Amino acid sequence: MRDAPLFAQRLAEVGEAVEQRLRTLLSGDRPGGIEAGQLGDAMRYAVLGGGKRLRPFLLVETAALFGVAQSAALNAAAAVECIHCYSLVHDDLPAMDDDDVRRGRATVHRAFDEATAILAGDGLLTLAFEILGRPDTHADIAVRLQLVGALARASGWEGMVGGQQLDLEAENDPQQDLPGIVRIQALKTGALIGFAVTAGAMLGRASAEELRILSAYADKLGLAFQVADDILDAEGDPAVVGKATRKDAAAGKATFVSLLGLEAARVRLRRLEEEAVATLAPLGGRAAVLQETARFVARRRS
Ligand code: IPE
Ligand code: IPE
Ligand code: MG
Ligand code: MG
Ligand code: MG
């Protein structure tokens, strides 16, 4: 697909479809739903109308490799975005990174209050699993169960949450080395990106060999994504990135940039981009969109 405008158009189209599905799933007036008042407002505020929607896109495009229609992948895509948004709400809390701006607007605890932000995160976390369990997520209950297990592992104590804990523990720790930072990033960011790709493959009933290739791709991509995030923190424009920058160094965060310096981090990012693209070669031309995704992730400005 080596065509950036075409890729951007596709990302926007899938993003719009994901937005619509999330809007439906988070609507206060769904059948049997309760009026969640401020909590529902905060959950919708956290999820709707923002973000690159990279994880849902990866899920939809990986499923598409195996002929799964976009509409059939949107519930699982919405579920991973709910987890991602919850992780952002909690990441921004004063007890964690203490941020006031996210996606170009006030963070949830700023727009509402801290207790509501904690509960909105909890609500999104649990909603993700409710969505995965729904019959319209996949007709086969065994596939739904597989998705639930995979998302729980990717987002829990041996995945994203575990990575967030290590990220906080590594603050101002001069002992951090490269393997340590790779491990933190693989957990806090890579695990959920890995889930997005794996879930697409599960929906498409990929073979073990295809799954192995896609997992290797996701590992490179996840790392590239967080290296790019760290570089953006060091040199990005807050107005473009949509969140405060130059915070990692001030907080003493352990990142690729803090360990290697900006230039070496950029070199590393290029290498990860090329490795991610090369990993997909055995899948041939049908993996072109995922290859283009790796280029997008490594070159993004926001
Ligand atoms: C930001 O993720 C948090 C990290 C895992 C580094 P994104 O850069 O995907 O955030 P949105 O969804 O586009 O806002
Ligand atoms: C957060 O990483 C990753 C998760 C939310 C799991 P960061 O703390 O670097 O993300 P940003 O920079 O605030 O988006
Ligand atoms: Mg953080
Ligand atoms: Mg943060
Ligand atoms: Mg960051």
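Both counts, for ligands and for their atoms, begin at 1 and track the order of listing. These numbers were taken from a predicted model, which means no experiment stands behind them.
Asp97 contributes OD2 as its N, O or S atom closest to the Mg ion (ligand 3). When the N, O or S atoms of Asp91 are ranked by distance to the Mg ion (ligand 3), OD1 comes first.
Geometric assessment of Arg153 against the ring of Phe195 yields a negative cation-pi assignment under the 6.0 Å and 45° thresholds. Geometric assessment of Arg300 against the ring of Phe225 yields a positive cation-pi assignment under the 6.0 Å and 45° thresholds.
Ring pair Phe296/Phe7 is tilted by interplanar angle, where 30° to 60° counts as tilted.
Against a heavy-atom cut-off of under 4.0 Å, Arg102 is close to the following atoms of ligand 2: 11 (P), 13 (O), 14 (O). Within ligand 1, counting atoms from 1 as listed, the ones closer than 4.0 Å to a heavy atom of Leu88 are 1 (C), 3 (C). Shown in contact with His84 at under 4.0 Å from a heavy atom are these atoms of ligand 1, numbered in order with element: 2 (O), 7 (P), 9 (O), 10 (O), 11 (P), 12 (O). Heavy-atom proximity to Arg55, at under 4.0 Å, picks out these atoms of ligand 1: 2 (O), 5 (C), 9 (O). Residue contact check: Gly51 has heavy atoms under 4.0 Å from atoms 11 (P), 12 (O), 13 (O), 14 (O) of ligand 1. Taking a cut-off of under 4.0 Å to the non-hydrogen atoms of Thr189, the atoms of ligand 1 that pass are 5 (C). In summary, the atoms of ligand 2 found under 4.0 Å from a heavy atom of Lys188, numbered by their order in the structure, are 2 (O), 6 (C), 7 (P), 9 (O). Heavy-atom proximity to Asp229, at under 4.0 Å, picks out these atoms of ligand 1: 6 (C).
From the protein, the heavy atom lying nearest to atom 14 (O) of ligand 1 is Arg103 NE, 2.8 Å. From the protein, the heavy atom lying nearest to atom 3 (C) of ligand 2 is Gln164 OE1, 3.9 Å. At the shortest separation from atom 1 (C) of ligand 2 among protein heavy atoms lies Asp91 OD1, 3.5 Å. Looking only at protein heavy atoms, the nearest one to atom 13 (O) of ligand 1 is Lys52 NZ, 2.7 Å. Of all protein heavy atoms, the one lying nearest to atom 11 (P) of ligand 2 is Lys243 NZ, 3.3 Å.
The shortest separation from a heavy atom of His90 to ligand 2 is not under 4.0 Å, leaving the residue out of contact. Under a 4.0 angstrom heavy-atom cut-off, Asp97 registers as being in contact with ligand 2. Proximity of Leu192 to ligand 1 is not established, as no heavy-atom distance is less than 4.0 Å. Within the 4.0 Å heavy-atom shell around ligand 2 one does not find Lys247.
When non-hydrogen atoms are compared, ligand 2 lies under 4.0 Å from the side chain of Met160 (C-beta onward) but not from its backbone. Proximity of Gln226 to ligand 1, defined as any heavy-atom pair under 4.0 Å, is confined to the side chain (atoms from C-beta onward).
With 2.8 Å as the limit, Asp167 does not count as an N, O or S neighbour of the Mg ion (ligand 3).
Arg44 contributes atom CZ, which lies 10.5 Å from atom CG of Leu124 (distance to the nearest 0.5 angstrom).
Among the candidates Asn75, Ile131, Leu203, Val80, the single residue satisfying the side chain to side chain contact (heavy atoms under 4.5 Å, CB included) test with Leu147 is Leu203.
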